[in-house]
Structures are given as C-alpha cells and as structure tokens.
Amino acid sequence: QVQLQESGPGLVKPSQTLSLTCTVSGGSITTANYGWSWIRQPPGKGLEWMGGLASDGSKYYSPSLKSRTSISRDTSKNQFSLQLNSVTPEDTAVYYCAGRMRGTQYEYWGQGTQVTVSS
C-alpha cells in the first residue's frame with residue numbers, strides 16, 4: 001500500500017544541480033526503523049545507491065557522491081528530496097526513490113524517472 005512517486009525535471013544542463021522530490025503515500029517517512037533512499041541506474045549499468053535518510057532524519061551518503069549530494073526531508077508533506085550538484089553527462093540515469101525496513105531489502109520503489117544531463 002505504500003507508494004512512492006519521483007518528480008522533477010527530466011533534463012539538466014551540465015554544471016547545474018539535479019533536484020528531485022519523492023512523495024510517499026500510505027506510510028510515514030518518520031515511521032521508526034524505516035529508511036528512505038535515492039538509487040540510480042545509468043544506462044547499461046547496475047543500480048547505484050546514492051544516499052538516504054533514517055526515520056529520525058539521520059543522513060547517509062555514498063562515499064563516491066557525498067561531496068555533491070544532499071538529501072533532505074519535509075515531514076509535513078511526507079516527502080524527501082535529492083540534490084546532486086555539478087552534474088555531468090555521467091549522471092544521466094533513471095533515478096529511483098525507495099524505502100525499506102531496517103535490515104531488509106528495499107520493498108517500496110517509485111516508478112523511476114529518467115534524468116538526462118545534456119547541453
């Protein structure tokens with residue numbers, strides 16, 4: 001019953017900031033022991049975990065992206081967001097938001113949104 005929906009621009013210019021929002025329905029992002037993450041899949045490649053939030057707001061980032069990534073949440077809207085700075089064409093990917101109970105696989109996924117970095 002929990003559903004996630006990504007939203008944001010599908011085209012971003014190099015050097016700009018990629019911004020996406022995930023809206024969660026059917027469950028609260030503050031529910032104890034649940035985590036909420038951003039995961040992406042470049043064309044022809046596997047899934048890459050970017051970062052996420054714990055239910056208490058603690059933030060975690062992939063070491064390879066930490067310097068460019070910021071994840072935030074708006075509990076009043078039951079949303080969490082992704083910002084990826086200084087993008088290049090290598091950041092072109094399908095971006096997913098996802099949720100899971102602590103210690104389990106991701107069971108809740110958005111449908112994914114294609115983001116292309118191009119001038």
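Numbers here simply count residues along the sequence, with the first being 1.
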Self-check item: Minimum-distance pair of heavy atoms, taken over all atoms of Gln5 and Gln111
Solution: NE2-NE2, 3.1 Å

Practice problem: Work out which heavy atom in Ser55 is nearest to a heavy atom in Ala32; give both atom names and the distance. | Solution: OG-CA, 3.5 Å

Quiz item: Cluster question for you: counting only ILVMFWY and a side-chain heavy-atom cut-off of under 4.5 Å, with indirect links fine, are Leu47 and Leu4 together?
Solution: no

Quiz item: Does the Asn78 side chain pair with the main chain of Thr75, one donor and one acceptor, at a distance under 3.5 Å?
Solution: no

Quiz item: Can any side-chain N or O of Thr92 pair as donor or acceptor with the backbone N or O of Pro89 at less than 3.5 Å?
Solution: yes

Quiz item: Cluster question for you: counting only ILVMFWY and a side-chain heavy-atom cut-off of under 4.5 Å, with indirect links fine, are Val117 and Leu84 together?
Solution: yes

Self-check item: Ring geometry between Tyr106 and Trp109 (parallel below 30°, tilted from 30 to 60°, perpendicular above 60°)
Solution: perpendicular

Practice problem: For Thr69 and Leu65, indicate whether the former's side chain and the latter's backbone hold a donor-acceptor pair under 3.5 Å. | Solution: yes

Self-check item: salt bridge (Lys or Arg N to Asp or Glu O under 4.0 Å) evaluation trace for Glu48 with Arg40
Solution: CA-CA 5 Å; Glu48 178 186 21; Arg40 69 179 182 179; 2.7 Å; yes

Exercise. Please report the shortest heavy-atom distance between Pro14 and Ser119, naming the atom on each side.
Key: CD-N, 3.6 Å

Quiz item: Can a donor-acceptor pair be found between the side chains of Ser64 and Ser62 at a distance below 3.5 Å?
Solution: yes

Exercise. Please determine, by modelled atom types, if Thr21 and Ser81 share a side-chain donor-acceptor pair under 3.5 angstrom.
Key: yes

Quiz prompt | From CD (Gln16) to CG (Leu11), nearest 0.5 Å | solution = 9.0 Å

Quiz item: Distance from Ser25 atom OG to Gln1 atom CD, nearest 0.5 Å?
Solution: 8.5 Å

Quiz item: How about Thr17 and Ser19: does a side-chain donor come under 3.5 Å of a side-chain acceptor?
Solution: no

Quiz item: Just by modelled atom types, is the Ile71 backbone N or O under 3.5 Å from a matching donor or acceptor in the Tyr61 side chain?
Solution: yes

Self-check item: More than 12 heavy atoms of other groups within 6.0 Å of Gln105 CD
Solution: no

Quiz item: Which pair of non-hydrogen atoms, one from Gly57 and one from Leu53, has the smallest distance, and what is that distance?
Solution: O-CD2, 3.7 Å

Exercise. Report the distance from atom NZ of Lys59 to atom NZ of Lys66, rounding to the nearest 0.5 Å.
Key: 12.0 Å

Quiz item: Would Tyr60 end up clustered with Ile39 when hydrophobic side chains under 4.5 Å apart are linked, directly or stepwise?
Solution: yes

Exercise. Say whether Val115 and Val87 are linked into one hydrophobic cluster, either directly or through other cluster members, by side-chain heavy-atom distances under 4.5 angstrom.
Key: yes

Quiz item: Hey, any chance Tyr96 and Leu20 share a hydrophobic cluster, counting ILVMFWY side chains that come within less than 4.5 Å of each other, even indirectly?
Solution: no

Self-check item: Shortest non-hydrogen separation from Gln79 to Ile29 and the atoms involved
Solution: O-CD1, 3.5 Å

Self-check item: Donor-acceptor under 3.5 Å (Gln41 side chain, Gly46 main chain)
Solution: no

Practice problem: Check Tyr95, Phe80, Trp49 against Trp38 for a ring pair (Phe, Tyr, Trp, His ring centres under 6.0 Å) and give me the one that passes. | Solution: Phe80

Quiz item: Thr116 versus Gln114: any side-chain heavy-atom pair under 4.5 Å?
Solution: yes

